[in-house]
Amino acid sequence: MSNVTELFSSLVFDDKKMQERLPRITYKSLKKTVKNGEPLDISVANAVANAMKDWAVEMGCTHYTHWFQPMTGVTAEKHDSFIFPTEGGGIIMEFSGKELIKGEPDASSFPSGGIRATFEARGYTTWDPTSPAFIRDKTLYIPTAFCSYTGEVLDKKTPLLRSMERLSEVAVKLLHLLGKEDVTRVSTTVGPEQEYFLIDKKMYDQRPDLIYTGRTLFGAPAPKGQELEDHYFGSIKTRVSAFMNELDEELWKLGVLAKTKHNEVAPSQHELAPIFETSNIATDHNELTMEVMKKVAERHGLVCLLHEKPFAGVNGSGKHNNWSISTNTGENLLDPGKEPQNNIQFQLILAAVVKAVHEYQDLLRLTVASAGNDHRLGANEAPPAIISMYLGDDLGALVDSIVNGTEYKGKDSSDMVTKVNVLADFQKDSSDRNRTSPFAFTGNKFEFRALGSSLNIACPNYMLNTMVAQELAEFYEELKDKSDLVRAAKALIKKTLTEHKNIIFNGDNYSAEWVGEAEKRGLCNYRSLPEAMAHYVDRKNIDLFEKNGILNESEIRARYDIELEHYTKQIRIEALTMIDMAEKNITPSVISFVSELTDAALAKKSLSSSVSVYVETSLVEELSEKLEAFVKKTDELKQAVSGLASVDGSLEKAVYCREKIFALMGELRTVGDSMEQKTSAEYWPYPSYGELLFGV
Ligand code: ADP
Ligand code: MG
């Protein structure tokens, strides 16, 4: 590996390169936009475009693309070359400010949730100067936002950028009120920890379920799973290590701050965590990370699975969204400081987050809902579908003292004593961890742990930013004219925490008692996407987005429809894949095995009528019975899928998919897996769980 400091950001048109290559005045003007959120000066664009193009061409690029994040859930790109004809019949490499600022992909083929008729094709992508351009595959990638001709937002980046600006605006006002006049901008920061599986490409290629749906739809458990807990943080296999090293290098070149890597709980499962950045860049970088993971895996004969639940019976993959707010003066607003009991500013921010999570728990829940994540949240594994917050002992005690008006005991800042001479003692963190909480305070940030591994993190973050902005705006209104600000702030904090402390839960979120307790507290428990998504269009949620200028009602309704339709399509694809596997491979394979057993029994009998054919006969009987049930279930599933066409309404369709189709898929799988356990491996048409999970 070459020098990492040189390698880092070598494929990014970063600040250093801009400073070197742009006229001073252009650079300064661009910086104002990027750092202070000031409107972009159009005259700057030509100079930037030219410098970007020169650099990209020097680096061997021939094309550029506007890179955007439509509602499909994956990124989109359309490549244009830099070539421009000259009079003599030759070409030059050209890139104008206009081309940098505005792209025009056909919007009609991207989901718009019915806000656009398909004949209304015009859509625009607009350069996002706050996220740097970069090079991949000889192409200059320009991060952009995406909207329709009539201005409706069609992507995930625009609401994220708006929510960051909105949060900044209200937080700055509040901080000024509290005497922090030097703060001019507040940014949200995010560090997403990414889980994934790596499996052998040769096995993957034999599994239509993995190819079409990203998860296994059949598969009996292997004799060994994750029960020995020997994979978590275990020594990394050579092949995986080679993959991880190359992944780090590729990400570093793209300016992604890849930091931590380790094996995860399930066999073949791993994690990568970057150092946090502003929400916008963290989102772009997480999208890039997922794409680069897949590409690098291919080069190692591996496939990277980002599905939330590729394998039944072992842990699925999630993403932990570490989130905080900091000022342009370098202060983390979620840092309790040495004396949180006397830190009014921290208490106000904390109270705002507590109130936000309580009032908009449904939005947090639905933003992480997906067909894949339904297998985790509220199903066989953690985190739970009930949104609650963990504050830890210290902050928990602080909240109690505020609510009850009692004295705060202070935090445990004792040293960790190792009782071994050669091991140094060190200071402990102020609170322990709670791995079961979906929304946990971890020292100076919150960790939202309910995200699915494949999710674009823009959505949970713009929801989080918006709901906290709303609370801070309310706080500002409440406090702005008060003569005794401290007194008023203390009263507000006490009132807020008293009213919303029901969202705080420091216990075991996986326990059965919590479900009952949460119900008593009036917390939502939405177990599936259709249940959760129905609340997207609740009046209070529409009001939240409209009041804060993030999305309007028709855009929210569109998003709601897109999510539901996407879910319905996914379940339908899964069902059709199962039917295909059942009819074309599983049923014929079991028939062949049964007939071989029958032939074997007959052959034995023809040798001597006294020879025992007990084993063959009982297997033939058992498998024939299962096979009959299997074929009947397959037919039932087929009928259920055709019934979908007669269901009206996007929510109704999604509910039908969940209650009818998905339920039947589970039943079909149970019979299928029990046949796999009784069928010779030679006959079974697909690589087993053992081969998939332990094959690398
Ligand atoms: P772990 O949770 O695995 O113990 P850390 O707490 O060190 O690890 O960090 C987890 C993630 O949180 C990392 O991606 C890190 O960059 C991110 N993180 C740390 N501080 C902040 C912050 N102020 N804002 C957002 N993310 C943060
Ligand atoms: Mg963590």
Side-chain angles (χ1 to χ4, degrees), residues 8 160 163-164 167-168 171 183 185-196 231-234 244 247-248 251-252 254-265 269-290 293 315 317-337 340 345-346 349-350 352-353 357 382-383 389-392 394-395 416 426-451 453 455 457-458 460-465 468:
F8 187 79
L160 178 64
S163 74
M164 290 169 72
L167 183 64
S168 178
V183 174
R185 191 154 175 84
V186 161
S187 304
T188 48
T189 49
V190 169
E193 302 166 56
Q194 178 73 48
E195 292 179 343
Y196 60 96
H231 196 254
Y232 191 56
F233 283 16
M244 286 180 169
L247 176 63
D248 278 339
L251 291 175
W252 288 334
L254 290 166
V256 178
L257 295 157
K259 172 85 173 160
T260 311
K261 51 188 180 184
H262 61 81
N263 285 347
E264 257 300 329
V265 172
Q269 194 187 27
H270 315 280
E271 179 181 304
L272 180 142
I275 296 172
F276 67 94
E277 303 177 275
T278 61
S279 315
N280 183 33
I281 296 180
T283 300
D284 286 359
H285 280 173
N286 183 247
E287 289 297 298
L288 263 181
T289 299
M290 292 192 285
M293 275 176 168
N315 270 21
S317 297
K319 188 138 63 187
H320 294 175
N321 190 84
N322 295 274
W323 176 90
S324 192
I325 324 173
S326 60
T327 66
N328 62 313
T329 53
E331 185 182 358
N332 180 346
L333 296 178
L334 284 175
D335 189 341
Q345 179 191 304
F346 170 73
I349 304 285
L350 177 70
V353 179
V357 175
M389 284 173 100
Y390 169 81
L391 293 184
D394 277 327
L395 286 192
M416 184 76 195
F426 53 87
Q427 195 172 357
K428 288 195 289 196
D429 286 313
S430 66
S431 71
D432 200 357
R433 290 297 177 93
N434 182 328
R435 290 285 177 198
T436 69
S437 175
F439 202 92
F441 185 75
T442 51
N444 59 5
K445 61 186 188 290
F446 277 100
E447 185 171 355
F448 185 21
R449 303 173 69 250
L451 284 70
S453 46
L455 190 70
I457 63 171
N461 282 296
Y462 74 69
M463 299 225 177
L464 202 46
N465 294 348
V468 172

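Numbering of ligands and ligand atoms starts at 1, following listing order.
Counting only non-hydrogen atoms, the option in W323, F276, F446 that gets closest to atom 18 (N) of ligand 1 is F276.
Under 4.0 Å from ligand 1, the heavy atoms of E193 that appear belong solely to its side chain.
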Tell me, with the steps shown, if S324 and N444 meet side chain to side chain contact (heavy atoms under 4.5 Å, CB included). CA-CA 7 Å; S324 192; N444 59 5; 5.7 Å; no
Can you list the steps and then say if L272 with D248 is a side chain to side chain contact (heavy atoms under 4.5 Å, CB included)? CA-CA 9 Å; L272 180 142; D248 278 339; 4.1 Å; yes
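The aromatic rings of F448 and F439 sit tilted relative to each other, their planes meeting at an angle between 30° and 60°. Taking the six-membered ring where tryptophan is involved, the planes of H270 and Y196 are tilted, since the angle between them lies from 30° to 60°.
Considering both main-chain and side-chain atoms, T189 comes within under 3.5 Å of ligand 1 through a nitrogen or oxygen pair. Backbone and side-chain nitrogen or oxygen atoms of K445 are examined, and one is located within less than 3.5 angstrom of a nitrogen or oxygen of ligand 1. Considering backbone and side-chain atoms alike, V190 places every N or O at 3.5 Å or more from each N or O of ligand 1.
Judged by distance alone, with hydrogens and angles left aside, the side-chain atoms of R449 form a donor-acceptor pair with the main-chain N or O of S437 at under 3.5 Å. Judged purely by atom type and a 3.5 angstrom limit, K319 uses its side chain to pair as donor or acceptor with the backbone of S453.
Evaluated for a side chain to side chain contact (heavy atoms under 4.5 Å, CB included) with W323, the options I457, N465, T189 yield exactly one hit, N465.
Every atom of ligand 1 is numbered from 1 in the order shown, and the set under 4.0 Å from a heavy atom of N332 is 23 (N). Within ligand 1, the atoms closer than 4.0 Å to a non-hydrogen atom of G191 are 14 (O), 25 (C), 26 (N), numbered from 1 in the order shown. Counting atoms of ligand 1 from 1 in the listed order, those under 4.0 Å from a heavy atom of P274 are 13 (C), 14 (O), 15 (C), 16 (O). Here is the list of ligand 1 atoms found below 4.0 Å of a heavy atom in I275: 16 (O).
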